[in-house]
Protein chains: 2
Amino acid sequence: MSVTIYDIAAKANVSIATVSRVFNNHARVSPRTRARVLAVAEELGYQPHASAQSLARKKTSLVAAIIPMMTNYFFVEVIRGLQDRLAESDLDLIVYSTLTLNEVDVQLERALQRGLASGVLLFATPMTPARVARLQRSSQPVVLVDSFHADFDCVSTNNREGGCRAVQHLIDRGCTRIGMIMAHPESLPAADRRIGFEQALRQAGLPLREEWIVVSEDMKQHGFTEEAGYQAMKTLLARRTRPDGVFVTSDLQALGALQALHEAGVAVPDEMALIGFDDIKISRYVGLSTLRQPMYEMGRVAVDKLLGRMEQPERPTSHTVFSPALVVRRSTAGEQAQEKGFLAWPLDHT
Amino acid sequence: MSVTIYDIAAKANVSIATVSRVFNNHARVSPRTRARVLAVAEELGYQPHASAQSLARKKTSLVAAIIPMMTNYFFVEVIRGLQDRLAESDLDLIVYSTLTLNEVDVQLERALQRGLASGVLLFATPMTPARVARLQRSSQPVVLVDSFHADFDCVSTNNREGGCRAVQHLIDRGCTRIGMIMAHPESLPAADRRIGFEQALRQAGLPLREEWIVVSEDMKQHGFTEEAGYQAMKTLLARRTRPDGVFVTSDLQALGALQALHEAGVAVPDEMALIGFDDIKISRYVGLSTLRQPMYEMGRVAVDKLLGRMEQPERPTSHTVFSPALVVRRSTAGEQAQEKGFLAWPLDHT
DNA sequence: AAATTGCATGTAAGCCTTTACACGTCAGCT
DNA sequence: AGCTGACGTGTAAAGGCTTACATGCAATTT
């Protein structure tokens with residue numbers, strides 16, 4: 001049924017070794033033979049057998065990406081970056097997406113199966129000692145995206161800086177009572193963003209009031225959901241005094257928060273300004289100010305690192321940090337927003 | 001270095017065949033031996049070698065999905081459905097995403113490589129004779145999602161019905177001059193939606209005026225982009241007379257169209273009502289009426305079909321059609337919308 | 001007691017490549 | 001002419017697993 005190098009060898013009157021050499025550009029094949037083999041292969045419609053190649057070469061052409069919360073559209077762009085860069089190196093991408101972080105370990109186990117992928121991209125996953133150990137035991141090339149551990153190559157955004165700039169922006173626009181809605185603190189990005197938040201307040205000499213900080217203890221997607229944001233804002237609104245500016249650890253949560261604000265009839269940004277993090281596509285439509293992560297680029301860089309390590313397993317690990325860019329929209333700047341947002345609010349008959 | 005069945009066999013004093021049998025639950029292994037093998041395997045940290053298994057079993061545990069325009073968030077949900085169902089059957093997912101349809105053939109070639117995947121899910125791709133031939137030659141199990149061809153298993157949405165219901169809804173709310181913004185007609189879903197559109201107009205005895213129909217000839221993502229929608233609406237607005245209700249072939253395009261309407265100062269829905277297709281997440285936020293496709297479910301069903309065919313290659317092909325559900329939001333119902341939309345429009349100080 | 005059955009296990013072939021090593025041929029050298 | 005090398009090609013051994021077939025032994029039957 002399917003054509004193997006044996007078939008080609010027989011028909012071209014050469015040995016299978018020669019056929020293999022032709023396909024691997026392994027020099028030392030006379031032009032005549034090469035041409036003949038190629039012709040026969042073409043005629044027979046030969047295609048190398050991926051598993052057999054992997055077995056013989058002791059490496060595969062697959063890379064695994066483990067992506068918790070893929071519904072967070074942040075990752076879609078990153079995947080595109082991965083995909084594009086991988087294709088250039090003739091690698092394919094296996095995607096493991098999970099809804100909760102517990103599933104990550106199950107998927108990780110699958111992704112690390114011997115002889116499956118020749119590298120792993122692990123997204124937004126806190127590096128517990130158990131995970132570190134598991135990864136090291138596998139001795140596979142690994143790149144952490146949106147997470148950090150000194151023993152691995154990492155790509156991430158400067159979350160502290162982002163948090164800091166978000167708050168500075170709120171201050172610049174005149175906010176003095178600044179609060180925060182935070183995802184589960186086990187999430188490193190969330191924790192770092194909070195550090196930046198606190199730092200900026202300190203620098204500006206503004207009060208840091210616990211009353212204005214709401215932390216989502218919800219484990220589902222680490223609290224990076226609209227629902228969590230919605231609940232958090234409700235909680236915040238119920239407090240005795242309210243902040244006049246809130247930094248939210250992700251756009252997704254911020255959307256939920258906006259909903260809560262609207263239901264409560266709070267004017268944004270006049271009564272309360274809001275700024276998120278990520279710059280997912282939706283944010284543009286709703287005019288949410290945020291800190292943009294260079295998602296596509298992060299994907300590409302992650303693959304670069306992985307390829308680098310695949311070639312030189314012993315090279316020192318490195319950590320690439322992208323600076324998030326402030327995007328000012330209506331949720332902090334009102335009608336004066338530089339970037340008006342695509343979809344105008346008064347879409348209807350105001 | 002890595003542990004093989006030989007290591008286990010040696011240490012447990014059995015042959016490699018027995019070890020293999022244990023791991024494949026191949027009956028006829030005495031409980032004692034089984035226990036011993038398992039114990040040794042555990043101790044040594046054995047993991048089967050994926051490529052070797054594939055080679056010996058003549059099938060892999062991978063399924064390939066080719067997804068053009070993954071940036072169309074429609075697919076993210078579908079992928080989740082795929083992933084969940086695949087995991088239940090211990091299969092992994094290779095994702096090939098492309099931006100244009102030309103790349104599809106390149107990716108298809110990769111996906112069909114012998115010994116790589118044991119099934120292919122092809123998304124939203126028009127079935128040219130060349131593609132049909134290519135797929136049939138590979139004799140791999142294939143499922144088409146959001147596309148149709150009698151020789152393959154298919155999963156799709158009833159696009160005609162959807163188009164029809166969209167228009168009926170516009171009629172119900174009182175529109176009499178109904179137009180359409182259409183993606184590239186080579187796209188089957190787009191073409192079908194138009195058929196529904198025309199049918200509904202005919203049934204209602206309303207005029208079908210070419211002047212109110214704008215077709216995106218843009219090939220990039222088949223015109224399923226905001227930009228295409230934006231341009232199309234601008235074109236439409238420049239016409240001598242304007243429709244008072246427009247059906248757009250996708251939410252993504254509709255968002256662009258909304259932008260154009262806003263820039264032109266056209267009140268939605270009062271001067272012009274708008275309805276899209278897909279119900280991507282953003283639509284809820286901006287209050288776009290639309291026809292919802294059961295995306296997650298479609299993913300699951302697609303995998304069901306694929307698994308079915310993997311087991312019985314000769315069974316007759318089938319086509320599962322989901323009916324899209326009308327979701328009424330502000331862009332057609334104004335403030336009376338049943339589903340208000342998450343993010344209120346007058347977010348700012350109106 | 002001999003013959004038969006059935007079960008647990010082993011042997012070895014096969015899946016398709018890659019690649020180290022060996023071999024033969026021929027050109028170029030002394 | 002004889003020797004050395006280079007070059008093109010073949011042989012065969014991995015690579016790790018599955019599985020058809022063979023084997024040996026104990027339990028059962030007559």
Side-chain angles (χ1 to χ4, degrees), chain A residues 1-38 40-41 44-62 90 112-118 138-140, chain B residues 1-38 40-41 44-62 90 112-118 138-140:
Chain A
M1 35 163 284
S2 67
V3 188
T4 72
I5 50 173
Y6 285 89
D7 301 320
I8 300 180
K11 193 148 185 178
N13 275 312
V14 292
S15 71
I16 57 163
T18 300
V19 178
S20 176
R21 283 190 196 103
V22 169
F23 283 104
N24 292 282
N25 292 319
H26 239 307
R28 309 204 168 295
V29 181
S30 74
R32 292 192 46 198
T33 319
R34 156 165 278 119
R36 186 151 37 97
V37 167
L38 252 22
V40 174
L44 266 45
Y46 170 76
Q47 245 198 332
H49 188 286
S51 307
Q53 281 188 323
S54 302
L55 186 57
R57 290 179 178 161
K58 294 181 212 175
K59 66 176 186 189
T60 73
S61 64
L62 295 168
D90 230 6
L112 290 174
Q113 182 180 162
R114 204 161 45 106
L116 183 60
S118 37
S138 85
S139 68
Q140 277 208 42
Chain B
M1 34 165 284
S2 67
V3 187
T4 72
I5 50 172
Y6 286 89
D7 302 320
I8 299 179
K11 193 149 183 176
N13 275 312
V14 293
S15 73
I16 58 162
T18 301
V19 177
S20 176
R21 284 191 196 101
V22 169
F23 283 104
N24 292 283
N25 294 319
H26 238 305
R28 309 203 167 295
V29 180
S30 75
R32 291 192 47 200
T33 321
R34 157 165 275 119
R36 188 150 38 95
V37 168
L38 253 22
V40 174
L44 265 44
Y46 170 76
Q47 243 197 334
H49 188 286
S51 309
Q53 281 187 323
S54 303
L55 187 57
R57 290 179 178 162
K58 292 180 219 183
K59 65 176 189 190
T60 74
S61 62
L62 295 168
D90 229 5
L112 290 175
Q113 183 181 161
R114 204 164 43 109
L116 183 60
S118 37
S138 85
S139 68
Q140 277 206 45

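Since this is a predicted model, take the numbers as computed values, not measurements. Order of the sequence lines sets the chain letters (A, B, ...), proteins ahead of strands, with each chain counted from 1.
For the pair Ile5(A) and Asn13(B), both in contact range of DNA chain C, the more 5′-proximal nearest nucleotide belongs to Asn13(B). If Gln47(A) and Arg36(B) are placed on DNA chain C by their nearest nucleotide, the residue sitting closer to the 5' end is Arg36(B).
At whole-Å resolution of the value, CG in Leu116(A) and P in dG16(D) are 16 Å apart. Atom-to-atom, NE2 of His49(A) to P of dT17(C) comes out at 7 Å; the value is rounded to the nearest Å. As a whole-Å value, the separation of Gln113(B) CD from dT17(C) P is 10 Å. Put simply, CG on Leu55(A) is 11 Å from P on dT18(C), counting in whole angstrom units. Distance NZ (Lys58(A)) to P (dA13(D)): 16 Å, rounded to an integer number of Å. As rounded to whole Å, 10 Å separates atom C1' of dT19(C) from atom CD1 of Ile16(A). The distance between atom CD1 of Ile8(B) and atom C1' of dG16(D), rounded to the nearest whole Å, is 11 Å. Summarising the geometry, the separation between NZ on Lys59(B) and P on dC17(D) is reported as 17 Å, rounded to the nearest angstrom.
For the pair Thr60(A) (side chain) and Ser54(A) (backbone), a donor-acceptor distance under 3.5 Å is absent. Judged purely by atom type and a 3.5 angstrom limit, Ser118(B) has no side-chain atom pairing as donor or acceptor with the backbone of Ser61(B). Distance alone, capped at 3.5 Å, places no donor-acceptor pair between the Arg114(B) side chain and the Thr4(A) backbone. Not one N or O on the side chain of Ser20(A) forms a donor-acceptor pair closer than 3.5 Å with the backbone of Ile16(A).
The nucleotide whose nearest atom lies closest to any side-chain atom of Thr4(A) is, among dG15(D), dC17(D), dC16(C), dC16(C).
At a threshold of 4.0 angstrom between heavy atoms, the contacts of Arg21(B) include nucleobase atoms, whether or not backbone atoms are also involved. Nucleic acid contact for Val19(B): none, since no nucleic acid atom lies under 4.0 Å from a heavy atom of the residue. Backbone-only engagement by Thr18(A) is indicated by non-hydrogen atom pairs under 4.0 Å involving sugar-phosphate atoms exclusively. Nucleic acid contact for Asp7(B): none, since no nucleic acid atom lies under 4.0 Å from a heavy atom of the residue. In this structure, Tyr6(B) reaches the bases: a heavy-atom distance under 4.0 Å links it to at least one base atom across the strands shown.
In this structure, Val14(A) and Arg21(A) have side chains that are not in contact, with every pair of non-hydrogen atoms separated by 4.5 Å or more. A heavy-atom distance below 4.5 Å is found between the side chains of Leu62(B) and Leu62(A).
A sub-4.0 Å separation between OP1 or OP2 of dT19(C) and a side-chain N or O of His26(A) is present. Note on Arg114(B): a side-chain N or O is less than 4.0 Å away from OP1 or OP2 of dT17(C). Side-chain nitrogen and oxygen atoms of Ser20(A) include none within less than 4.0 Å of the OP1 or OP2 phosphate oxygen of dT17(C). In this structure, Tyr46(B) reaches the dC17(D) phosphate: one of its side-chain N or O atoms is under 4.0 Å from OP1 or OP2. Residue Ser15(B) places at least one side-chain N or O closer than 4.0 Å to OP1 or OP2 of dG10(C). Remark: Gln53(A) is in phosphate contact with dT18(C), judged by side-chain N or O atoms under 4.0 Å from OP1 or OP2.
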N/O-N/O pairs, protein side and nucleotides 4-8 of chain D side, under 3.5 Å:
none

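Between Ser51(B) and Leu55(A), the closest heavy-atom pair is CB-N, 4.1 Å.
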(request) Any chance you could lay out the side chain to side chain contact (heavy atoms under 4.5 Å, CB included) test for His49(A) and Ile5(A), step after step, and finish with the verdict? (result) CA-CA 10 Å; His49(A) 188 286; Ile5(A) 50 173; over 6 Å; no
